[in-house]
> 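Sharing a structure below in structure tokens format, with a few things to ask.
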Amino acid sequence: VGGYQSGFKGIRKLTTAEVLNLDVNRIGIKRTQRFSGNIAWENGSEIRIAKSESDSLELSYVITDKSSKRNYTYEVKLDYTSCHYSNERPWFLCPHCGKRVGKLYHRDGYFRCRSCHRLNYRIQQEDIRDRVIRSIDNKIHRIQDKLKTERGLDNIFDIPKPRYMHLKTYNKLLDQLKELYIERDKSFMSILDSYKTKELEELRDIRELIVQ
Ligand SMILES: [Zn+2]
């Protein structure tokens with residue numbers, strides 16, 4: 001268990017970029033694997049995470065204040081969705097509201113989802129991956145709207161033809177959708193690989209601690 005130094009003070013509204021966050025896709029979680037290790041951030045913060053055989057992650061850390069020292073240990077449940085290229089994509093279930101999210105943010109002692117912390121999310125402060133993926137997602141959503149189907153990545157390969165749509169249009173839209181889906185996955189993987197930040201280096205270390 002590492003020490004923790006709070007990097008944010010004052011009353012101004014925080015943006016997500018200024019807050020310690022945990023990205024489920026950068027930890028290297030696999031459903032059947034157990035592991036434990038530490039995650040450290042550049043400001044000296046450090047937490048311990050451990051995954052048992054159950055589908056949850058245990059977070060533990062200490063927050064020291066001028067006068068007090070407090071231990072935090074709690075579970076974050078995990079969920080998985082099927083993913084075309086890698087087998088399964090992991091998600092956090094926010095420990096506060098239960099919503100399925102890719103990132104948890106630390107504030108006031110706890111890691112929770114963005115909406116639970118009511119964090120201000122500014123486009124210019126999103127990292128590159130978020131921007132690229134989001135722009136692809138927007139294109140995917142527009143096509144899904146045209147096809148009168150639910151937005152999302154779950155049903156991309158199984159969309160019925162809307163009643164009054166020409167077959168030619170329908171096929172064209174499906175092709176575009178599949179291309180975007182492949183593009184999304186490629187961007188995701190290549191940007192993931194290109195991360196050179198200290199944070200990710202730390203996360204890579206954790207991958208090596210994974211116990212089969
Ligand atoms: Zn939440």
Side-chain angles (χ1 to χ4, degrees), residues 1-8 14 16-65 68-83 85-114 116-117 119 126-130 133 185 188-212:
V1 174
Y4 177 87
Q5 292 133 26
S6 177
F8 29 89
L14 293 166
T16 51
E18 294 168 276
V19 183
L20 296 182
N21 68 72
L22 280 177
D23 185 337
V24 75
N25 293 303
R26 290 162 73 177
I27 300 177
I29 294 169
K30 291 225 169 84
R31 192 196 287 267
T32 51
Q33 288 178 330
R34 292 186 289 171
F35 68 86
S36 63
N38 290 11
I39 291 183
W41 289 270
E42 278 179 13
N43 73 344
S45 301
E46 195 175 333
I47 67 168
R48 181 164 181 77
I49 59 172
K51 184 178 175 298
S52 59
E53 276 161 81
S54 70
D55 276 336
S56 68
L57 217 55
E58 189 185 79
L59 309 185
S60 48
Y61 47 96
V62 178
I63 295 181
T64 46
D65 223 331
S68 65
K69 191 174 168 182
R70 194 174 159 191
N71 291 294
Y72 290 81
T73 300
Y74 54 93
E75 301 253 301
V76 176
K77 288 198 168 66
L78 299 167
D79 195 15
Y80 303 86
T81 54
S82 58
C83 176
Y85 279 84
S86 42
N87 302 325
E88 279 187 319
R89 182 161 293 174
W91 299 88
F92 294 126
L93 295 180
C94 170
H96 189 65
C97 70
K99 201 166 79 178
R100 199 161 72 183
V101 290
K103 277 187 180 181
L104 293 174
Y105 300 90
H106 180 269
R107 196 178 177 189
D108 301 330
Y110 292 95
F111 282 91
R112 291 173 176 170
C113 79
R114 184 159 55 89
C116 281
H117 282 318
L119 290 170
E126 291 176 14
D127 58 37
I128 298 163
R129 193 202 63 198
D130 285 347
I133 300 293
D185 228 67
F188 190 83
M189 295 316 291
S190 71
I191 294 164
L192 203 64
D193 286 344
S194 72
Y195 267 105
K196 290 279 184 271
T197 61
K198 192 186 172 197
E199 186 182 356
L200 188 67
E201 293 304 318
E202 300 285 352
L203 294 175
R204 285 209 174 107
D205 291 340
I206 281 172
R207 286 184 184 184
E208 286 162 14
L209 292 177
I210 287 172
V211 180
Q212 299 270 7

> Who are the side chain to side chain donor-acceptor pair (under 3.5 Å) partners of Glu75, not counting sequence neighbours?
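Only Ser56 meet the side chain to side chain donor-acceptor pair (under 3.5 Å) criterion with Glu75.
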> Is there side-chain contact between Val24 and Pro90, with heavy atoms separated by less than 4.5 Å?
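The answer is yes; the side chains approach within 4.5 Å.
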> With a 4.5 Å limit on heavy-atom distance, are the side chains of Trp91 and Leu78 in contact?
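SC-SC contact between Trp91 and Leu78 ruled out.
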> Of all heavy-atom pairs between Cys113 and Cys94, which one has the smallest distance, and what is that distance?
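Taking every non-hydrogen atom into account, N-SG, 3.3 Å.
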> Between Ile47 and Leu22, does the side chain to side chain contact (heavy atoms under 4.5 Å, CB included) criterion hold? Intermediate values first, please.
CA-CA 10 Å; Ile47 67 168; Leu22 280 177; 4.1 Å; yes
> Rounded to the nearest 0.5 Å, how far does CZ of Arg112 lie from CG of Leu104?
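It comes to 10.5 Å.
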> With rounding to the nearest 0.5 angstrom, report the CZ to CG distance, Phe111 to Leu59.
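The distance works out to 6.5 Å.
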> Once rounded to the nearest 0.5 Å, what's the spacing between atom CG of Asp79 and atom CZ of Arg100?
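CZ of Arg100 is found 5.0 Å from CG of Asp79.
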> If you round to the nearest 0.5 Å, how far is CD1 of Ile27 from NZ of Lys51?
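Lys51 NZ to Ile27 CD1: 11.5 Å, rounded to 0.5 Å.
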> Distance check, rounded to the nearest 0.5 Å: Leu57 atom CG versus Leu93 atom CG?
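Going from the CG atom of Leu57 to the CG atom of Leu93 covers 11.5 Å.
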> Taking the six-membered ring for Trp, is the centroid-to-centroid distance between Tyr74 and Tyr110 below 6.0 Å?
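Tyr74 vs Tyr110: aromatic centres under 6.0 Å.
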> Could you tell me the separation between the CZ atom of Arg48 and the OH atom of Tyr61, rounded to the nearest 0.5 Å?
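That separation rounds to 15.0 Å.
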> Considering all heavy atoms of both residues, which atom of Ser60 and which atom of Thr73 are nearest to each other, and what is their separation?
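Closest approach of Ser60 to Thr73, heavy atoms only: CB-OG1, 3.5 Å.
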